Amino acid sequence: QVQLVESGGGLVQAGGSLRLSCAASARTFSNYAMGWLRQAPGEERKYVASISSGGAQTDYSESVRGRFRISRDNAKNMVYLQMNALKPEDTGLYYCAGSDSRYVTAEFQYWGQGTQVTVSS
């Protein structure tokens with residue numbers, strides 16, 4: 001079982017940066033691939049990025065590739081999402097997610113409560 005708590009969201013102007021953090025409670029955090037998804041108002045939740053259990057592999061959606069970077073610190077049970085060059089369309093509720101898979105994936109079994117990111121134009 002994995003419990004996840006996100007932090008770091010907020011209001012930022014277009015072109016700015018934010019760093020999201022996710023604290024995980026798990027017996028063996030390093031066994032789980034992790035990811036971030038987001039949900040804009042009135043839309044479905046969408047995949048943003050994922051990272052393999054050891055951190056060697058990462059994957060990004062086309063809309064954020066080159067601007068966002070996912071990372072993890074298995075010693076601290078933490079996952080991060082560095083978001084640069086933010087656009088208004090990046091606005092949404094960002095969820096940290098965990099997967100029973102060790103590899104990059106868009107399928108997750110564990111979810112945090114979300115942290116709001118708002119990008120103003």
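Values in this document were obtained by computation on a predicted structure and should not be read as measured data.
Listed here is the closest heavy atom pair of S71 and I51: CA-CD1, 3.7 Å. Taking both residues in full, the closest heavy atoms of V104 and Q57 are given as CG1-O, 3.5 Å, listed atom of the first, atom of the second, then distance.
Under a hydrophobic-cluster definition in which Ile, Leu, Val, Met, Phe, Trp and Tyr are linked whenever side-chain heavy atoms come within less than 4.5 Å, directly or via other members, L18 and V48 are assigned to the same cluster. Residue Y47 is grouped with residue L93 when hydrophobic side chains (ILVMFWY) are merged at heavy-atom distances under 4.5 angstrom, including chains of intermediate members. Residues Y110 and M34 are members of one and the same hydrophobic cluster, defined by side-chain heavy-atom contacts under 4.5 angstrom among Ile, Leu, Val, Met, Phe, Trp and Tyr. Residue V79 is grouped with residue V2 when hydrophobic side chains (ILVMFWY) are merged at heavy-atom distances under 4.5 angstrom, including chains of intermediate members. Connection of L20 to V64 is established within a shared hydrophobic cluster, with ILVMFWY side chains joined at heavy-atom distances below 4.5 Å, either directly or through further cluster members.
Pairs passing the side-chain hydrogen bond (donor to acceptor under 3.5 Å, both in side chains) check and including a residue from residues 3-25, sequence neighbours excluded, read S17-N84.
Annotation: side chain of D90 is in contact with side chain of R67 (closest heavy-atom distance under 4.5 Å). The shortest distance between side-chain heavy atoms of Q39 and Y94 does not fall below 4.5 Å. Counting only heavy atoms from C-beta outward, the side chains of W111 and L37 approach each other to under 4.5 Å. Y32 is listed as a side-chain neighbour of D100, based on a closest heavy-atom distance under 4.5 Å. Counting heavy atoms from C-beta outward, Q1 and R27 have side chains that stay 4.5 Å or more apart. In this structure the side chain of V119 reaches within 4.5 angstrom of the side chain of V117, judged on heavy atoms. You'll find the side chain of S50 stays beyond 4.5 Å of the side chain of W36, heavy atoms only. Between K46 and S61, the closest side-chain pair of non-hydrogen atoms is not below 4.5 Å.
The closest donor-acceptor contact from the side chain of R65 to the backbone of Y60 lies under 3.5 Å. In this structure a side-chain-to-backbone donor-acceptor pair under 3.5 Å is missing from R38 to G92. Formation of a donor-acceptor pair under 3.5 Å by the N74 side chain with backbone atoms of S53 is found in this model. Remark: the backbone N or O of E107 is paired with a side-chain donor or acceptor of T105 at under 3.5 angstrom. Of the possible donor and acceptor atoms, none in the side chain of S52 sits under 3.5 Å from a partner among the backbone N and O of Y103. A donor-acceptor contact shorter than 3.5 Å is absent between the side chain of Q82 and the backbone of R69.
Remark: R72 fails to qualify as a cation-pi partner of Y80 under the 6.0 Å distance and 45° angle criteria applied to the six-membered ring.
Of the inter-residue distances, the one linking I70 atom CD1 with C22 atom SG reads 9.0 Å to the nearest 0.5 angstrom.
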Next item on the list: Evaluate the criterion side chain to side chain contact (heavy atoms under 4.5 Å, CB included) for residue pair Q109 and S99; output intermediate values, then yes/no.
Entry: CA-CA 5 Å; Q109 293 76 43; S99 174; 3.6 Å; yes
